[in-house]
Amino acid sequence: MTLRAGDHQHTALAAGPEDSEPVLLLHGWPEFADSWTAELHTLGDAGYHALAVDQRGYAREARPAGVERYSIDTLVADTLSFADTLTTGSAAPRRFHLVAHDWGGMVAWVFATRYPERLKSLTVLSTPHPGALKQAAKDEEQQNHDLDYVRFFRAPGGVAEASMLADGAARLRAAYAGRIAEHQVERNVARLTEPGALTATLNWYRGATDDEFTVPAGRITVPTLYVWGAQDTKLGRTAATNTAEFVDAAYRFEVFEDAGHWLPEEAADRVNPLLLAHLSAHS
């Protein structure tokens, strides 16, 4: 399906009856809405109305030029627009469940800070609360070093694009660390090598206006499930563990010791039962 957010058209995937309880899923980098395929099937089969959107920079008709068009405020505004589309048809905006991974998780933490009244629950995979991550990077040399990829992506002059797409996009393929299916990698790479696509998606990293890459998330007051893979090579255990310090609501933290970063794809069989239990408890 397609839906409009502001001036842009976004491709999306949906499952489940349209008049049932809404769930919005936000993907990360370098992924698309179809990274949530297993979760969409599970949610739809369970009777939820689930929507996963190809977000700004990922959908072909939503790739505006200019780093300033990818600020966190703009990404949160897009999410609010997606939510309004998902919950349309009621007299007032309905509350919904928000599920997110990677960069989608960053947006979700900020959305939950600003619009808690819109959410029934929050689920974040991989991405710690931005405050916990920033503090861990300040305190731990290893976590600070592990975020060098963010600094690389933010470098001017198209350096990251040239590097990621060289040698048949070998470095872009390597980002998935062999943890998702090859056919999915190839589909993602094909879409990210479309003209302007990689730059548009990397602009999410460049949209932060300060050198410290501040993501302005605050206290979380909605029921939250956070799932982290211990084999994640960029987002470490300290930030994951300390995320609890930023949640002032029912909170569940689950660690998959043998999983990496790509939880929607590589660990869907374990994510889905946790997700369904969380949504059911806070419906």
Side-chain angles (χ1 to χ4, degrees), residues 24-29 31 71-73 75-76 79 97-116 118-119 121-154 175 177 204-264 266-267 270-271 274-275 278 282:
L24 176 63
L25 300 101
L26 303 178
H27 65 79
W29 185 92
E31 299 166 296
S71 69
I72 190 66
D73 290 345
L75 300 174
V76 170
T79 301
H97 302 280
L98 182 58
V99 182
H101 173 242
D102 185 74
W103 239 116
M106 289 288 190
V107 175
W109 289 118
V110 179
F111 187 95
T113 301
R114 297 181 181 178
Y115 300 104
R118 293 298 306 271
L119 295 179
S121 75
L122 173 66
T123 299
V124 179
L125 308 183
S126 302
T127 314
H129 186 284
L133 181 59
K134 188 171 184 176
Q135 188 62 47
K138 181 180 178 180
D139 294 344
E140 296 182 353
E141 182 179 352
Q142 184 61 52
Q143 181 62 88
N144 185 56
H145 172 73
D146 289 342
L147 293 178
D148 280 346
Y149 77 97
V150 174
R151 302 174 184 104
F152 173 63
F153 287 167
R154 284 167 58 80
W204 285 49
Y205 293 91
R206 298 161 181 164
T209 57
D210 68 328
D211 291 339
E212 295 184 355
F213 188 63
T214 300
V215 176
R219 309 300 304 178
I220 304 301
T221 58
V222 298
T224 299
L225 168 66
Y226 174 44
V227 185
W228 174 73
Q231 303 305 310
D232 194 313
T233 61
K234 305 301 182 184
L235 304 172
R237 188 177 294 270
T238 297
T241 301
N242 291 348
T243 289
E245 299 175 5
F246 293 83
V247 183
D248 300 321
Y251 181 67
R252 181 172 181 178
F253 175 42
E254 291 287 338
V255 178
F256 297 165
E257 292 292 343
D258 60 344
H261 180 73
W262 309 96
L263 297 180
E266 67 171 294
R270 286 179 284 172
V271 166
L274 292 173
L275 179 58
H278 182 58
H282 303 289

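Along the sequence shown, the residues carry numbers beginning at 1.
The shortest distance between side-chain heavy atoms of T238 and D139 does not fall below 4.5 Å.
For the residue pair N144 / E140, no side-chain donor-acceptor distance below 3.5 Å is found, with atom types taken as modelled.
Between N242 atom CG and H129 atom NE2 the span is 12.0 Å, to the nearest 0.5 Å. Here CZ of R237 is found 4.5 Å from CD of E257. Values are rounded to the nearest 0.5 Å. For the atom pair E141 CD and D146 CG, the distance stands at 10.5 Å (nearest 0.5 Å). Atoms CZ and CD1, on R114 and I72 in that order, are 7.0 Å from each other to the nearest 0.5 Å.
A pairwise comparison of heavy atoms in A244 and Y251 identifies CB-CE2, 3.4 Å as the closest pair. When every heavy atom of L235 is checked against every heavy atom of D232, the shortest pair comes out as N-OD1, 3.0 Å. Across every non-hydrogen atom of T224 and V222, the tightest pair is OG1-O, 2.8 Å. Across all their heavy atoms, A108 and A100 have their closest contact at CB-CB, 3.6 Å. Residues L263 and G229 share a closest heavy-atom pair of CD1-N, 4.0 Å. Nearest heavy atom pair, residue Q143 against residue A239, reads OE1-CB, 4.4 Å.
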| said: One pair to check against side-chain contact (heavy atoms from CB on, under 4.5 Å): V99 and H278. What are the steps and the verdict? | reply: CA-CA 11 Å; V99 182; H278 182 58; over 6 Å; no

| field | Residue pair V227, L274: steps toward the side-chain contact (heavy atoms from CB on, under 4.5 Å) verdict | value | CA-CA 9 Å; V227 185; L274 292 173; 4.2 Å; yes

| said: Applying side-chain contact (heavy atoms from CB on, under 4.5 Å) to L133 and M106, what does each step give before you reach the verdict? | reply: CA-CA 11 Å; L133 181 59; M106 289 288 190; 3.7 Å; yes

| Do I220 and T113 pass the side-chain contact (heavy atoms from CB on, under 4.5 Å) test, and can you show the C-alpha distance, the side-chain angles, and the key distance before you say yes or no? | CA-CA 6 Å; I220 304 301; T113 301; 3.6 Å; yes

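Pairs of residues two or more places apart, or lying in two chains, never qualify as salt bridge (charged side-chain N to carboxylate O under 4.0 Å, His left out) while including a residue from residues 97-109.
Less than 6.0 angstrom separates the ring centroid of F153 from the ring centroid of W29.
Here the side chain of Y226 pairs no donor or acceptor atom with the backbone of V255 at under 3.5 angstrom. Under a 3.5 Å cut-off, the side chain of R154 and the backbone N or O of Y205 do form a donor-acceptor pair. The main-chain N or O of P128 is found under 3.5 Å from a side-chain atom of W109 such that the two form a donor-acceptor pair. Panel note: side chain H101, backbone H261; a donor-acceptor pair is recorded below 3.5 Å. S121 contributes no side-chain N or O that, together with a main-chain N or O of H97, makes up a donor-acceptor pair within less than 3.5 Å. Using modelled atom types, no side-chain atom of E31 and backbone atom of H27 make a donor-acceptor pair closer than 3.5 Å.
Relative orientation of the F111 and Y115 rings is tilted, given thresholds of 30° and 60° on the angle between their planes.
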